[in-house]
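What follows is a short report on a single structure.
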Amino acid sequence: MLEITGLTKVYASKQKQRFGRERAVDRVSLTVGQGEFFTLLGPSGCGKTTMLRSVGGLESPTEGTIVVDDRTLFCSDQGVDVPANKRHLGMVFQSYAIWPHMSVFQNVAYPLISGRRKTPAAEVKERVGETLEIMGLGDLASRGATDLSGGQQQRLALARALVYRPPLLLLDEPLSNLDAKLRESMRKELIRLQRELGLTVLYVTHDQDEALAMSSVVAVMSEGRVEQLGTPREIYEKPTNWFVADFIGSANFMEGGIVGRGEAADEVVVETPLGRLAATGNGVDAASDAKVNVMVRPERIRVSLEAGSAGQQGVVRNAVYQGDVIDYDIEVRGALLRIKSGPDLYVTPGTEVAVRVTDQRCVLVGD
Ligand SMILES: Nc1ncnc2c1ncn2[C@@H]1O[C@H](COP(=O)(O)OP(=O)(O)OP(=O)(O)O)[C@@H](O)[C@H]1O
């Protein structure tokens, strides 16, 4: 559906830099399948917006190719650069510019009647009505666009992008201006819409929760490159390097030495402050006896108060009550570990506890 090959963007001001990163986007290649919710995730400045704007035609890449459904939108070699308004893609950006002097209906109708698109009035009425219904704005068609709540304005911006059923919808942090509760309900709404309408979405966010909750595929980016590409579960449970492990969720990294082979072919046993753990190789040279890093997520470590519990002894250094979980810092054999446990057991700092890893296969991460 969308095929990006060797995409590179060097901003003029950056070309002059003598040190450090020069490329906002650095030879990125990826494919987005029909009906996928594909997210570009990464810290501020990693190049995700530049990627999205390049697909939308708002930025002219330095090199590479962008093809949507066999239609070449950009190709540096062939000198192809289709203007944004001829790409026929839907776009919603962080500052979702709705037109304040128009009604809700007029805002959504605009893409159908602007420029050379002269859709017949009856069809405009039907399609706008249908889109507003889908977005839950059916009753507000005649209202002024600015007389809407933040969430409704957000949905209006989406309705306007969706009204001509674009083959590909580009969304750049479209939920970032909403409060936490609204953001959560809009997330669900967006996923529902995407599934119901079979939309293909290229989504940009720096919010890992959002990326995990919404995406079918996530590309984790850093410094203009894709560090890892996979399902939310893959990038959370099997990060391929330190950056991804650290950026997605919280992670404990424990240095350890390999003491033997595990049961599975790619598995090794590592001696760590939490005892011997089975870990998958993940590209780390398992044959070497060098030090390795084992990554364990905080919710994969169990805390127990009962005497004689299996596990290592530790001392609680900090405990933060968060309602649904307790977020502990626990010192175990010189290592300070972050551990999240259910709310049933609240242990105050200074208490001795037993901790053990429940993850059957931890992950080795290289640098
Ligand atoms: N017009 C520009 N001129 C020069 N440099 C730019 C321009 N736009 C972006 N950059 C630089 O390119 C890099 C990538 O920027 P980009 O906006 O794509 O990152 P991002 O991951 O979307 O960040 P954010 O989440 O903060 O929007 C950054 O280092 C940024 O400073």
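Counting starts at 1 for both ligands and their atoms, following the listed order.
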> Any link between V92 and L148 through a network of hydrophobic side chains (Ile, Leu, Val, Met, Phe, Trp, Tyr) touching at under 4.5 Å?
Replying inline: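 V92 and L148: one cluster.
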> Taking NZ, NE, NH1 and NH2 as the nitrogens, is one of them in R87 or D81 under 4.0 Å from a carboxylate oxygen of the other?
Replying inline: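 Salt bridge flag = yes for D81 with R87.
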>> Looking at E130 and R165, is any side-chain nitrogen of the basic one under 4.0 Å from a carboxylate oxygen of the acidic one?
In response: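 Yes.
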> Just going by heavy-atom distances, which of G47, P43, S44 is nearest to atom 19 (O) of ligand 1?
Replying inline: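 Looking at heavy atoms only, the winner is G47.
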> So which of G45, S54, S222, G224 gets nearest to atom 28 (C) of ligand 1, if we judge by its closest heavy atom?
Replying inline: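 Going through G45, S54, S222, G224 one by one, G45 has the nearest heavy atom to atom 28 (C) of ligand 1.
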> Please walk me through it: do D359 and R302 pass salt bridge (charged side-chain N to carboxylate O under 4.0 Å, His left out)?
Replying inline: CA-CA 10 Å; D359 201 347; R302 191 147 296 156; over 6 Å; no
> Atoms of ligand 1 less than 4.0 Å from A24 heavy atoms?
Replying inline: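 Listed by number with element, the hits are 12 (O), 13 (C), 14 (C).
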>> Only heavy atoms of C46, strictly under 4.0 Å: list the atoms of ligand 1 that pass.
In response: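 The list of qualifying atoms is 19 (O), 20 (P), 21 (O).
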> Do ligand 1 and T49 have nitrogen or oxygen atoms that lie under 3.5 Å from each other?
Replying inline: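 Right, the criterion is met.
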> Looking at ligand 1, does H206 have a heavy atom less than 4.0 Å from it?
Replying inline: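 No, H206 has no heavy atom closer than 4.0 Å to ligand 1.
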> Does Y110 have R160 sitting over its ring (NZ/CZ under 6.0 Å from centre, angle to axis within 45°)?
Replying inline: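 No - R160 does not lie over the ring of Y110 by the 6.0 Å and 45° rule.
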